[in-house]
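The chains referred to below are lettered A, B, ... by the order of the sequence lines, with proteins before strands, and numbering in each begins at 1.
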There are 2 protein chains.
Amino acid sequence: MSRTATRERLFTAAIELIAERGFAAASVDRIAERAGVAKGTVYYNFGSKNAMFTALLEYGVERFGAALRDAAAGLAPLDQLGAVVRAELAFIGEHESFARLLLAETWRSGGDWPHAARLIRERAIGAVRDVVQAAVDAGELRTDLDVDMAASAVFGMVLTVALDWRTLQPDRPLDDVHATLMDLLRGRIAT
Amino acid sequence: MSRTATRERLFTAAIELIAERGFAAASVDRIAERAGVAKGTVYYNFGSKNAMFTALLEYGVERFGAALRDAAAGLAPLDQLGAVVRAELAFIGEHESFARLLLAETWRSGGDWPHAARLIRERAIGAVRDVVQAAVDAGELRTDLDVDMAASAVFGMVLTVALDWRTLQPDRPLDDVHATLMDLLRGRIAT
DNA sequence: AGTTTTGTACTGACCGGTCAGTCTAAATGT
DNA sequence: ACATTTAGACTGACCGGTCAGTACAAAACT
């Protein structure tokens with residue numbers, strides 16, 4: 001089997017198990033078993049459990065961030081926020097387990113991973129931030145808006161709502177969820 | 001030492017350790033040590049590590065939900081949402097570790113505790129839901145608003161923003177954060 | 001051509017250590 | 001008296017990590 005194929009199988013297995021029970025409870029034995037690979041292969045490919053987790057996070061966050069940036073590319077500032085929110089919903093819909101893992105690990109405190117949290121903030125939340133900043137620069141949003149906090153708020157809101165969506169109403173169309181979220185963000189709530 | 005005092009010391013110690021590294025990595029030995037209590041006391045009081053965790057969650061979520069409900073009590077529907085958001089921020093500011101643990105456990109998938117997630121949704125998010133519903137009933141919000149999703153969105157947004165606040169800008173006044181959040185929710189963002 | 005070497009990917013038994021949970025006899029508090 | 005806590009020794013299961021060895025194909029040598 002090719003090296004990259006093996007690594008991806010391990011990523012998938014690890015993401016699922018960590019999303020279910022957390023990092024510590026996902027044993028290397030079980031991850032290897034689910035990936036259909038011997039335990040030693042994990043250490044041949046990554047060197048340690050921690051290193052595998054770091055590689056997995058980098059791989060996923062990079063893709064997540066790229067999906068968000070691609071969604072906004074080329075659009076008018078007016079449309080970018082909606083597009084980014086839609087892209088975040090879509091990505092989470094397709095990579096639900098990874099999103100759960102992300103939510104749990106990003107806001108962990110003392111843990112072993114200051115690196116992980118920073119990565120997520122730079123790549124994923126950063127993409128949202130850039131869109132908000134573009135809207136401010138275009139004179140579309142108030143110039144005194146706290147851009148970082150707004151980006152974090154939008155990202156967190158979409159992330160938690162998306163996971164509720166997948167958990168409680170998985171059959172509901174993405175557009176429904178997207179519409180409600182955008183209504184909330186645009187203040188179209190009041191009568 | 002009284003039974004309840006012992007339990008609370010154990011709760012505090014367990015919450016901190018679990019928030020730092022997750023449930024599996026927080027050993028009973030270390031929890032007992034941090035609480036200044038013998039290991040046997042844990043088993044005398046709770047019977048098992050899982051049972052302690054369940055009791056801890058019930059205790060914390062109950063208090064969290066009560067804080068949110070108390071904040072809204074007696075206010076006009078117009079003011080309730082702001083009060084609930086403020087109460088959520090304040091509670092997280094005072095019980096940061098518990099909030100981290102809550103975030104990680106609520107949106108976990110397969111885990112050992114579907115019970116935990118349901119509890120949080122009923123008690124904590126439920127308090128937000130009631131406030132949103134009251135606003136709808138008072139004709140203050142659109143009647144076609146998806147109340148459950150809006151409540152979940154507000155709760156998740158405030159939770160993630162609050163933890164970013166504590167992590168990245170702990171010295172910032174609560175009122176600042178509150179104002180930005182309410183601006184976002186009221187659509188006062190556009191120029 | 002046939003043989004030997006080399007590099008890469010993977011295997012699974014095994015080791016030292018940690019963990020949840022048990023047990024007990026004595027102490028402490030009310 | 002009775003409930004609660006202590007201190008610590010102990011067990012068996014499981015965990016992260018190691019390592020000698022297998023498989024196999026491309027390359028190098030004769």
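- Proximity of Arg30(A) to the phosphate of dC15(D): a side-chain N or O atom is located under 4.0 Å from OP1 or OP2.
- Rounded to whole Å, atom P of dC19(C) lies 14 Å from atom CD1 of Ile18(B).
- Whole-Å rounding puts the Glu33(B) CD to dC19(C) P distance at 11 Å.
- Residues Ser152(B) and Asp164(A) have side chains that bring a donor and an acceptor to within less than 3.5 angstrom of each other.
- A salt bridge is defined here as a Lys NZ or Arg NE, NH1 or NH2 lying under 4.0 Å from an Asp or Glu carboxylate O, and Arg86(A) with Asp175(A) meets this definition.
- By the 4.0 Å N-to-carboxylate-O rule, Glu62(A) lies close enough to Arg123(A) to be salt-bridged with it.
- Separating the CG atom of Asp29(B) from the C1' atom of dC10(D) is a distance of 13 Å, rounded to the nearest angstrom.
- Nucleotide dC14(D) holds its C1' atom 13 Å from the NZ atom of Lys49(B), rounded to whole Å.
- Set against dA9(C), dC15(D), dT11(C), the side chain of Arg3(A) has dA9(C) as its closest nucleotide.
- Protein atom OH of Tyr43(A) is 15 Å distant from nucleotide atom C1' of dA13(C), rounded to whole Å.
- Between dA20(C), dA9(C), dT6(D), one nucleotide has an atom nearer to the side chain of Val28(B) than all others, and that is dA20(C).
- Ranking dA9(C), dT11(C), dC19(C) by closeness to the Val37(A) side chain, first place goes to dT11(C).
- At the heavy-atom level, Ala26(B) lies under 4.0 Å from the strands shown only through sugar-phosphate atoms.
- If you measure from atom CG of Asn45(A) to atom P of dG16(D), you get 17 Å, rounded to the nearest angstrom.
- At the phosphate of dT11(C), OP1 or OP2 sits under 4.0 Å from a side-chain N or O atom of Thr41(A).
- Comparing atom distances between the Ser48(A) side chain and each of dA7(D), dG16(D), dG17(D) picks out dG17(D) as nearest.
- Phe91(B) places a side-chain heavy atom less than 4.5 Å from the side chain of Phe98(B).
- With hydrogens and angles left out, the side chain of Lys39(A) and the base of dG16(D) share a donor-acceptor pair within 3.5 Å.
- Here the C1' atom of nucleotide dT5(D) and the CZ atom of Arg7(B) are 14 Å apart, to the nearest Å.
- Whole-Å rounding puts the Arg21(A) CZ to dC15(D) C1' distance at 16 Å.
- Here the side chain of Tyr44(B) is nearest to one of dA9(C), dT6(D), dA3(D), namely dA3(D).
- A cation-pi arrangement, defined by a distance under 6.0 Å to the six-membered ring centre and an angle within 45 degrees of its axis, is present between Lys49(A) and Phe23(A).
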